Colleague: 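Following this message is one structure expressed as structure tokens.
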There are 2 protein chains.
Amino acid sequence: MEPIKVAGITFRLDATKPFYEQIVAQVCGALARGELGLEERMPSVRELAQLLKVNPNTVMRAYQDLERSGLLVTYRGQGTFTTNKPEPVERIRRELAHGAVQDLVGVMRQLGLSREQTMTLIQEVDWE
Amino acid sequence: MEPIKVAGITFRLDATKPFYEQIVAQVCGALARGELGLEERMPSVRELAQLLKVNPNTVMRAYQDLERSGLLVTYRGQGTFTTNKPEPVERIRRELAHGAVQDLVGVMRQLGLSREQTMTLIQEVDWE
DNA sequence: TAAGTGTATTAAGATATATAATACACTATA
DNA sequence: TATAGTGTATTATATATCTTAATACACTTA
């Protein structure tokens, strides 16, 4: 699957997780990295559905999740836009980072690895 | 749900993931931490099913996954035992650790966080 | 022989995910 | 005012995954 770029967001869907979760994650990522700015117009539900080759309901679900998180706002009849407030973006950013760290620590503890051993493993990873 | 201890393994099942995956993960963890030794007898399929209040088929699936990973061996009519070789345990240990690190790095990169920022977050976590 | 092992099979149900087809309300604009 | 484009809601269907249930069979030990 080749990535699909639209409105500053790069989408790449696979079969490993639900589509709507992947859409949410990738919009979050674009916002967190600043590739998608505040108060920007999102692709319409139908347009994005067509681009990603998924059902409009699936995009709807993702947009509604993102709206509940405060990242998107919708104006009936007008469209869906990114929030104009930086706070929700920062909050989600922190939440995602914290959750990922907690997941890692959970696994490492279950394996009996120390913080130092974990740090060493992270040092060995190609970052980008 | 209070944890259930049997044969050096502590089980705690919740509804967040499939039971069989949780059983696999917790047996892996017990082996990786050495709480469950090599060549030890596992609870029988029916016994563990009864203890965990799940279907025997669910335990079977977990045991078969663990056997495919080389962590368990079964002798028809006799029972299921942990492997007598340390290699598979070490291999799984490395695989799990590596996978967890990769997951973390994936999230952090998507959020646009650097390795140093990630390290700082890990430093702030209570480890044990 | 009996009890306890693992194993296989078939059926059923619950849930999550996704699609499909429609319909409706609202907004902007030609 | 019409039309096209927005979001939204509903209902039905399909599929896959997970889990339970009920049996049955093969093997081993005592």
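The model shown is predicted, which means the values in this text are computed figures rather than measured ones. Naming: A, B, ... by sequence-line order, numbering from 1 per chain. Atoms considered below: every heavy atom in the structure, side chains included; atoms not considered: hydrogens, waters and symmetry mates.
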Colleague: Find the distance between NZ (A:K5) and CZ (A:R12) and round it off to the nearest 0.5 Å.
Modeller: 9.0 Å
Colleague: Taking the nucleotide of DNA chain C with the nearest heavy atom to each, does A:N55 or B:R41 sit closer to the 5' end?
Modeller: B:R41
Colleague: Under 4.5 Å between any side-chain heavy atoms of B:Q26 and A:Q110, yes or no?
Modeller: yes
Colleague: In whole angstrom, give the distance that lies between atom OH of A:Y63 and atom C1' of C:dA18.
Modeller: 18 Å
Colleague: Hey, does B:R46 reach any base, or is it just sugar-phosphate, or nothing, if we go heavy atoms under 4.0 Å?
Modeller: base
Colleague: Which is the 5'-most and which the 3'-most nucleotide of DNA chain D that has an atom under 4.0 Å from a heavy atom of chain A?
Modeller: D:dG5 to D:dT10
Colleague: Should we count CD of B:E67 as having more than 12 external heavy atoms under 6.0 Å?
Modeller: yes
Colleague: Tell me if a side-chain donor or acceptor on B:Q22 pairs with a main-chain N or O of B:D14 at a distance below 3.5 Å.
Modeller: yes
Colleague: Can you measure A:D65 atom CG to C:dA18 atom C1' for me and round it to whole angstrom units?
Modeller: 15 Å
Colleague: Count I, L, V, M, F, W, Y as connected when their side-chain heavy atoms are under 4.5 Å apart, and connections chain through other members. Are A:L38 and A:Y75 then in the same cluster?
Modeller: no
Colleague: So if I take every side-chain heavy atom of B:N57 and compare against C:dT9, C:dA21, C:dT17, which nucleotide ends up nearest?
Modeller: C:dT9
Colleague: Looking at B:T74 and B:G79, would you say the former's side chain and the latter's main chain have a donor-acceptor pair under 3.5 Å?
Modeller: no
Colleague: May I ask you to decide whether B:E87 forms a salt bridge with B:K85, counting only side-chain N to carboxylate O separations under 4.0 Å?
Modeller: no
Colleague: Between C:dA20 atom P and A:Q50 atom CD, what is the distance in whole Å?
Modeller: 12 Å
Colleague: Where do A:L111 and B:A97 come nearest, in terms of heavy atoms and distance?
Modeller: CD1-N, 3.6 Å
Colleague: Are A:V27 and A:L51 in one and the same hydrophobic cluster, where Ile, Leu, Val, Met, Phe, Trp and Tyr link if side-chain heavy atoms are under 4.5 Å apart?
Modeller: yes
Colleague: Strictly under 3.5 Å: I want the nitrogen or oxygen pairs between protein and nucleotides 26-29 of chain C, one per line.
Modeller:
unit_1: C:dA28; atom_1: OP1; unit_2: A:Q78; atom_2: NE2; d: 2.7

Colleague: Using heavy atoms to find the nearest nucleotide of DNA chain D for A:T80 and B:R61 separately, return the residue whose nucleotide is more 5′.
Modeller: A:T80
Colleague: Atom CE of A:M60 to atom C1' of C:dT19: distance rounded to whole Å?
Modeller: 15 Å
